[in-house]
There are 2 protein chains.
Amino acid sequence: MSHLAKKGCRNTRNLDESARKVILKKRLASLCKQAEELSILCDIKVGMVAFTPGETKAFSWPCLTQTNATINEYLACDEAKQQIKLFTQETYLQRKVDAREKYIGKIEQTAKEKEMENLFNQLAWGKSIQELDARETKGLLKLFEAKQTKLNERKTKLNEHVDENVLNQNGVNDSNAGEENDGNP
Amino acid sequence: MSHLAKKGCRNTRNLDESARKVILKKRLASLCKQAEELSILCDIKVGMVAFTPGETKAFSWPCLTQTNATINEYLACDEAKQQIKLFTQETYLQRKVDAREKYIGKIEQTAKEKEMENLFNQLAWGKSIQELDARETKGLLKLFEAKQTKLNERKTKLNEHVDENVLNQNGVNDSNAGEENDGNP
DNA sequence: GAGACTATACTTAGTAC
DNA sequence: GGTACTAAGTATAGTCT
């Protein structure tokens with residue numbers, strides 16, 4: 001027995017990894033013990049999380065599942081709710097939301113386009129232009145515009161050599177729409 | 001001074017609310033002190049959450065924002081990740097994901113329907129049935145089916161009094177589709 | 001309510017098994 | 001690596017200001 005170190009001192013100068021591991025285990029245990037005592041004594045919920053950054057395994061108290069439940073309850077608290085937005089930006093759940101949100105934007109656009117193309121076709125089939133509401137009209141105008149732009153690009157490319165024959169062969173739908181169909185068929 | 005109670009004893013028999021509040025504060029402080037000491041000594045991250053169920057304000061350590069960050073990191077750990085699915089089912093973020101997922105399902109269906117209606121109209125406009133792929137063909141068949149069902153319902157309602165005149169007046173689109181357009185126009 | 005005090009009980013680092 | 005021990009150090013309930 002070396003009498004160089006005093007017993008019970010909280011010096012902890014020698015920080016070799018193995019010793020630190022022992023200390024960690026001991027104190028973590030007593031920390032949890034105190035937490036449990038307090039939670040029983042004062043009838044509160046306590047959750048604890050501890051981990052060394054970089055490691056995949058995390059320590060949690062009272063246990064993984066219960067700590068998660070406690071954390072969820074905690075996150076549901078008003079105060080936490082206001083803050084959580086700022087700090088969950090990078091969690092996998094938030095990323096999931098973001099990704100889905102992006103997808104929704106895309107698919108909504110697609111649906112809108114399809115609806116307009118649809119209306120466009122229905123117009124040709126006999127649906128009266130009087131039946132369209134403001135949104136539909138706006139969308140259709142946009143579609144007309146797009147089709148016209150496309151057509152104009154094509155015209156420029158063909159550089160004045162476009163005649164009715166070419167239009168009839170390659171662009172039945174487009175040419176019908178953009179220029180001649182101002183009213184009902 | 002009443003000498004009935006010993007100093008420093010952890011009996012805590014008298015649990016009147018005000019005394020308990022004092023105890024809670026004291027011990028919570030020391031608990032955090034120990035947690036901090038440990039986190040520095042062993043270079044680990046510690047997060048703590050404590051609250052009385054039912055109250056809106058939660059206690060957290062080291063502070064609300066940092067605890068949230070720690071919890072997020074903790075949730076990102078592999079071990080927690082596997083479990084979290086089961087226990088975040090009811091959190092607002094998961095609910096958000098669920099709601100969006102539901103919406104996506106709905107809008108995807110809408111888009112698909114619109115696309116099919118579109119194809120249907122395009123067919124009438126001259127697109128060859130040879131150009132359709134398997135998915136489109138399947139979707140169109142479904143659309144035809146739906147339209148035919150709708151038509152049959154109408155027919156039943158009118159109960160044998162339906163003649164060509166009525167069809168021409170009320171159901172131009174539907175009647176054209178469901179029965180006569182088996183090939184190209 | 002919030003500090004300061006204090007006797008008592010508890011925790012802890014180091015050590016030995 | 002785990003348990004048991006112990007001296008030194010710390011936390012705590014009660015009390016007073």
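Letters A, B, ... are given to chains in the order of the sequence lines, protein chains preceding strands, and every chain is numbered from 1.
Here the shortest heavy-atom pairing between B:C32 and B:M48 reads SG-CE, 4.4 Å. The nearest pair of heavy atoms linking A:A35 to B:L31 is N-CD1, 3.9 Å.
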Do any N or O atoms of the protein come closer than 3.5 Å to N or O atoms of nucleotides 3-7 of chain D, and which pairs are they?
{"from": "D:dT6", "atom 1": "O4'", "to": "A:K7", "atom 2": "NZ", "distance (Å)": "3.3"}

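Between the P atom of D:dA11 and the CG atom of B:L28 lies a distance of 15 Å, rounded to the nearest Å. Distance CG (A:L31) to P (D:dT10): 17 Å, rounded to an integer number of Å. For the pair A:K33 NZ and D:dT12 C1', the interatomic distance rounds to 14 Å; values are reported in whole Å.
Checked against side chain to side chain contact (heavy atoms under 4.5 Å, CB included), B:T52 has the following partners two or more places apart in sequence or in another chain: A:I44, B:E55. For A:E108, the salt bridge (charged side-chain N to carboxylate O under 4.0 Å, His left out) test picks out no residue, with sequence neighbours left out. When the salt bridge (charged side-chain N to carboxylate O under 4.0 Å, His left out) test is applied to B:E36, no partner is found at least two apart in sequence or on another chain.
Note that CG of B:L28 and CZ of B:F59 are 4.0 Å apart. Values are rounded to the nearest 0.5 Å.
Rounded to 10 degrees, the angle separating the terminal helix axes of the helix from C:dA2-D:dT17 to C:dC17-D:dG2, each built from five base pairs, is 30°.
For C:dT12, the OP1/OP2 oxygens have a side-chain nitrogen or oxygen of A:S30 closer than 4.0 Å.
Of all nucleotides listed (D:dG9, C:dT12, D:dT12), C:dT12 comes nearest to the side chain of A:R27. Comparing C:dA13, D:dA13, D:dT12 by their closest approach to the side chain of A:I23 singles out C:dA13.
Residue pairs meeting the side-chain hydrogen bond (donor to acceptor under 3.5 Å, both in side chains) criterion with at least one member in residues 39-48 of chain B, sequence neighbours excluded: B:K45-B:E73.
Between B:E17 and B:R20 there is a salt bridge, since at least one side-chain N of the basic residue sits less than 4.0 Å from a carboxylate O of the acidic one.
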